[in-house]
Visitor: 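Once you've had a glance at the structure underneath, I'll fire off some questions.
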Amino acid sequence: YSGQGDTGPRISPAEEMPVDGPPAVEEPLLLPWDRFSSWLHCICVVGFDLELGQAVEGQHTKTSICYLSFPDSNSGCLGDTQFCFRFRQAAGRKSSLGCFLDHFDRDAPVCLKRDQGYYYGYVYFRQVRDKSLKRGYFQKSLVLISKLPYVTFFHSLLKLIAPEYFEKQEPCLEAACNDIDRWPTPCPGKILTLPIMGVVMKVTAIFFLCKISGQCSDSLVSIILPTVHEVDLFRCFHPVFFHIQMLWELVLLGEALVVMAPSPAESSDTVLALVSCISPLCYCSDFRPYFTIHDSEFKEYTTRTQAPPSVILGVTNPFFAKTLQHWPHIIRIGDMKQAGEMAKQMKVKKLKNLKTLDSKPGVYTAYKPFLNKDEDIIKQLQKGVQQKRPSAAQNAILRRYFLELTQSFIIPLERYVASLMPLQKSISPWKSPPQLRPFIQEEFMKTLEKAGPQLTSRLKGDWIGLYRQFLRSPNFDGWFRNRRKEMTQKLEALHLEALCEEDLQLRIQKHTEVETVDLVLKLKEKLVSAEKDQLPVKPGTLPKLQAHIESIILSLPEDLQGILHKPPSP
């Protein structure tokens, strides 16, 4: 379901519900299903066909989504299961999101940005015994396909929609789509009121608040989830509790990692936990929370003719134990224990000991960490388990630990890259903006002696070796390209602001008519570029530049005024 062809009435009981909070932000005029498209690409229903196997209902072609939407047969998932997967956007295929989320991407933190080139699939799978069916089981998945990495939010949304859908079928899904198409577009830092099937969800980029409907606002019951996108790190890392710091290094360096788990839920949660453990640094390689032998990248990622790619895979099929045994780092996850149970300390195992998916849980690798092990965080979390500290508190402790570790690592890089920025006094309105100085690895390494991670972290070890390895990784490449783009845009913005402070009328008195026309064309080009790239200029800069342009045009002969006032050809 993506809204095409639906012209019926679009009424929801949620519209009549009293909702507190600030008034809705006025949005530009959008077409029907534009708002739906800013949240979801489509909704799929995947069932089991006796002839085709897994298939999207209403279609007769098989896609990788069909396989990714069902657990492997060996997983034995009875009842309701939720997990997620991620897949590449087809080459040359345009996203349905259009430009609605451009402002959101500019202002959102890295972890909340759209996933360019990839889609997420959020799955609610139900398998229950049903003697009336030939297979003896009812098997069906409701799948939300989106560009947004809001794992907690979409899983919470599915908990509202899926049980209703399995009971009431298509009319329920149509009502949900209509509700979603009334939602405002995602906006970081602002409270969004999202009606869905008789429930109102209040969402910000920081927290998620769901209010269950009642007769009046006083009777609304609040359920607060702490995040829209984060998984429970402590629960996910519990099976490999003693190796969290080594796993942080492996993810930071973009090493090839495979997570072997008994179910897609545990596989996808663990992969997402690994990716998020280096936050606020963005993980720039590919990652697949749930990967199957039917994926289009299966051959590419399992070939032995070249080194394993920089990717994190989550798998459940026993076949992968043999297919991926040449990978350098393998995490074997058993059934996720409750937070109240103690994990046993396990040594890092040699890869040759991993022969089947039935091998004991643990980390199989020959990797030697650069940093000394931090025993304090292990003791702190162990003490929390003994004292029955709430899982949310354990998760917060672990998340803060990873955050501080990543910040200690990234601050020296931020400090050095900031020094590559030209001085503001070197910016002249009548010359091109100055260029950033190049990043020189050895020059950066020299700064670590006095301004390295030792200023903010108590951890000892080979920090220099860790940085050298990181500078060769996709994560550094992605981080530096993003920082260079931001700094280049800042230089462009400063250059534009300097231009606006000039007396352009006085300047053009020394110009010929041809030079003045050329100046107007260049200024108009700069204005269009600044608006398109959303340059971080001071408020009022762009209207001031527009006024300058108008004033110069009016000083020219009428025939030229007419030409210059024409909009540029597409």
Side-chain angles (χ1 to χ4, degrees), residues 105-113 248-249 251-254 277-285 310 370-371 400 402-502 526 529-530 533-539 541:
D105 270 355
R106 182 191 64 183
D107 300 329
V110 166
C111 55
L112 295 177
K113 291 183 187 291
W248 174 83
E249 283 192 25
V251 176
L252 180 77
L253 300 177
C277 79
I278 61 168
S279 179
L281 192 65
C282 178
Y283 181 77
C284 297
S285 296
S310 175
F370 286 94
L371 304 182
R400 187 176 69 241
F402 280 133
L403 175 65
E404 290 173 355
L405 185 56
T406 305
Q407 285 178 331
S408 291
F409 181 81
I410 213 72
I411 284 170
L413 279 160
E414 290 280 5
R415 190 183 292 119
Y416 173 71
V417 167
S419 74
L420 305 179
M421 187 85 162
L423 296 174
Q424 190 163 346
K425 65 181 181 182
S426 66
I427 297 172
S428 165
W430 305 112
K431 293 180 182 176
S432 296
Q435 299 291 307
L436 294 172
R437 289 199 305 112
F439 187 106
I440 301 170
Q441 182 173 323
E442 290 310 315
E443 188 178 77
F444 163 68
M445 289 297 177
K446 287 177 184 176
T447 68
L448 296 176
E449 188 178 340
K450 292 182 179 178
Q454 71 274 12
L455 297 179
T456 51
S457 176
R458 66 181 183 277
L459 279 181
K460 306 293 182 186
D462 185 8
W463 284 99
I464 300 292
L466 186 61
Y467 277 110
R468 286 194 187 280
Q469 193 76 4
F470 176 73
L471 294 180
R472 295 196 288 268
S473 75
N475 287 332
F476 169 73
D477 184 57
W479 172 82
F480 183 62
R481 272 191 286 111
N482 187 50
R483 293 292 290 116
R484 186 169 52 196
K485 179 184 175 184
E486 288 174 358
M487 292 165 72
T488 302
Q489 287 188 335
K490 182 62 180 174
L491 285 171
E492 290 283 352
L494 291 170
H495 184 252
L496 213 56
E497 289 165 11
L499 259 175
C500 286
E501 295 305 315
E502 288 290 300
K526 271 191 162 295
S529 179
D533 296 338
Q534 301 170 5
L535 292 187
V537 292
K538 290 178 185 173
T541 298

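Keep in mind the model is a prediction, meaning the values are calculated, not measured.
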Visitor: Quick one: does Glu249's side chain have a donor or acceptor within less than 3.5 Å of a partner on Phe370's backbone?
Guide: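 Checked: pair present.
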Visitor: Does a side-chain heavy-atom distance below 4.5 Å link Met421 with Leu436?
Guide: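 Sidechains of Leu436 and Met421: in contact.
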Visitor: Do Ser529 side-chain atoms and Lys526 backbone N/O form a donor-acceptor pair below 3.5 Å?
Guide: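 Here the side-chain-to-backbone pair does not exist.
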Visitor: Report yes if some heavy atom in the side chain of Ile410 is under 4.5 Å from a heavy atom in the side chain of Ile278; otherwise report no.
Guide: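 Not in contact.
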Visitor: Looking at Tyr467 and Pro412, what are the two nearest heavy atoms and their distance?
Guide: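 The pair with the smallest heavy-atom distance is OH-CG, 3.4 Å.
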Visitor: Which heavy atom in Ser279 sits nearest to a heavy atom in Leu403, and how many Å separate them?
Guide: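 Taking Ser279 first and Leu403 second, the nearest heavy atoms are O-CD1, 3.8 Å.
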Visitor: So does Gly254 get a backbone contact from the side chain of Ser473, meaning a donor-acceptor N/O pair under 3.5 Å?
Guide: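 Absent.
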Visitor: Just wondering, do Leu281 and Phe470 contact through their side chains at under 4.5 Å, heavy atoms?
Guide: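 Side chain of Phe470 against side chain of Leu281, heavy atoms only: contact under 4.5 Å found.
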Visitor: Quick one: closest heavy-atom pair of Trp463 and Ser457, and the distance?
Guide: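 Heavy atoms of Trp463 and Ser457 come nearest at CZ2-OG, 3.8 Å.
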Visitor: Considering only heavy atoms from C-beta outward, does the side chain of Tyr283 approach that of Leu252 to under 4.5 Å?
Guide: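 No. Closest side-chain heavy atoms not under 4.5 Å.
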Visitor: For the pair Phe476 and Phe480, name the ring-plane relationship: parallel under 30°, tilted 30 to 60°, perpendicular over 60°.
Guide: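 It falls in the parallel class, under 30°.
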Visitor: Taking the side chain as every heavy atom from C-beta outward, state whether Met445 and Leu471 have any atom pair closer than 4.5 Å.
Guide: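 Heavy-atom side-chain distance check passes, below 4.5 Å.
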Visitor: Show your working on salt bridge (Lys or Arg N to Asp or Glu O under 4.0 Å) between Arg437 and Glu443 and close with a plain yes or no.
Guide: CA-CA 12 Å; Arg437 289 199 305 112; Glu443 188 178 77; 3.6 Å; yes
Visitor: Check whether Gln469 reaches the backbone of Leu253 with its side chain - one donor and one acceptor, N or O, closer than 3.5 Å.
Guide: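 A pair under 3.5 Å: no.
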Visitor: May I ask you to test the Phe409-Pro453 pair for a side-chain heavy-atom distance under 4.5 Å?
Guide: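 In short, these two side chains do not touch, never coming nearer than 4.5 Å.
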Visitor: Taking all non-hydrogen atoms of both residues into account, name the closest pair between Glu497 and Thr541 and its distance.
Guide: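 Looks like CG-OG1, 3.8 Å.
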Visitor: Determine the minimum heavy-atom distance between Lys431 and His495, stating which atoms define it.
Guide: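 Heavy atoms only, the tightest pair is O-NE2, 2.7 Å.
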Visitor: Please examine the side chains of Leu491 and Pro422, heavy atoms only from C-beta on, and report whether any two atoms are closer than 4.5 Å.
Guide: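 Yes - at least one pair of side-chain heavy atoms lies under 4.5 Å apart.
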Visitor: Under 3.5 Å, is there a donor-acceptor pair between the side chain of Arg415 and the main chain of Ala451?
Guide: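 Side chain of Arg415 to backbone of Ala451: a pair is present.
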Visitor: Between Phe439 and Tyr416, does the ring centroid distance fall short of 6.0 Å?
Guide: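 Judged by ring-centre distance (under 6.0 Å), Phe439 and Tyr416 do meet the cut-off.
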Visitor: Checking Glu404 side chain against Thr456 main chain: does a donor-acceptor pair fall under 3.5 Å?
Guide: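 Between the backbone of Thr456 and the side chain of Glu404 there is no qualifying donor-acceptor contact (under 3.5 Å).
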Visitor: I'd like to know if the side chain of Glu492 reaches the main chain of Pro536, judged simply by a donor and an acceptor atom lying under 3.5 Å from each other, with no hydrogens or angles considered.
Guide: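 Checking the backbone N and O of Pro536 against the side chain of Glu492, no donor-acceptor pair under 3.5 Å is found.
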Visitor: Which value, rounded to the nearest 0.5 Å, describes the distance between Leu499 atom CG and Ser428 atom OG?
Guide: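 The OG atom of Ser428 is 8.5 Å from CG of Leu499, to the nearest 0.5 Å.
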